[in-house]
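What you see is a predicted model; the values in this text were computed from it and never measured. Note that these values count all heavy atoms, side chains included, but never hydrogens, waters or copies made by symmetry.
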Amino acid sequence: MSDVIWETFDGLFKSLHRQGRRVEELEARVVELERRLQERAGFASQPEAAERVVKQMPTEKAA
């Protein structure tokens with residue numbers, strides 16, 4: 001009976017360890033995806049910023 005309890009405990013411990021590693025991998029992936037999303041948002045806002053700068057430039061008058 002004691003062997004069955006220890007085997008069950010061992011199996012649960014190993015399962016918990018595997019799940020913990022998976023959670024860590026998923027958290028790292030989420031961080032990476034959030035970083036990429038912020039980069040894309042930064043790239044998307046750059047054309048708008050460049051357009052604003054161009055609009056603010058003084059236009060030359062045709063003589």
Side-chain angles (χ1 to χ4, degrees):
M1 176 97 165
S2 178
D3 291 340
V4 173
I5 292 172
W6 283 112
E7 287 176 14
T8 302
F9 178 77
D10 187 53
L12 289 172
F13 181 78
K14 288 177 182 176
S15 295
L16 182 63
H17 182 68
R18 279 193 307 269
Q19 295 299 324
R21 281 191 313 202
R22 288 181 183 165
V23 167
E24 290 173 358
E25 291 169 0
L26 288 172
E27 287 173 340
R29 180 72 175 143
V30 166
V31 169
E32 173 68 16
L33 290 173
E34 287 176 343
R35 184 189 60 78
R36 290 174 54 192
L37 182 62
Q38 289 175 354
E39 285 178 358
R40 286 188 181 184
F43 288 135
S45 66
Q46 286 179 356
E48 295 169 1
E51 188 175 315
R52 278 184 267 141
V53 169
V54 170
K55 287 181 181 178
Q56 292 174 353
M57 288 181 179
T59 55
E60 294 180 9
K61 295 182 180 178

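By the 4.5 Å heavy-atom criterion applied to side chains, T8 and L12 are counted as neighbours.
To the nearest 0.5 angstrom, D10 atom CG is 13.5 Å from I5 atom CD1. The CD atom of E32 lies 11.5 Å from the CG atom of L37; values are rounded to the nearest 0.5 Å. To the nearest 0.5 Å, the span separating CZ on R35 from CZ on R40 amounts to 11.0 Å. R21 CZ to E24 CD: the interatomic distance, rounded to the nearest 0.5 Å, is 9.0 Å.
A salt bridge does not link E25 to R29: none of the charged nitrogens lies less than 4.0 Å from a carboxylate oxygen.
Classification of the F13-H17 ring pair by plane angle, with boundaries at 30° and 60°, yields parallel.
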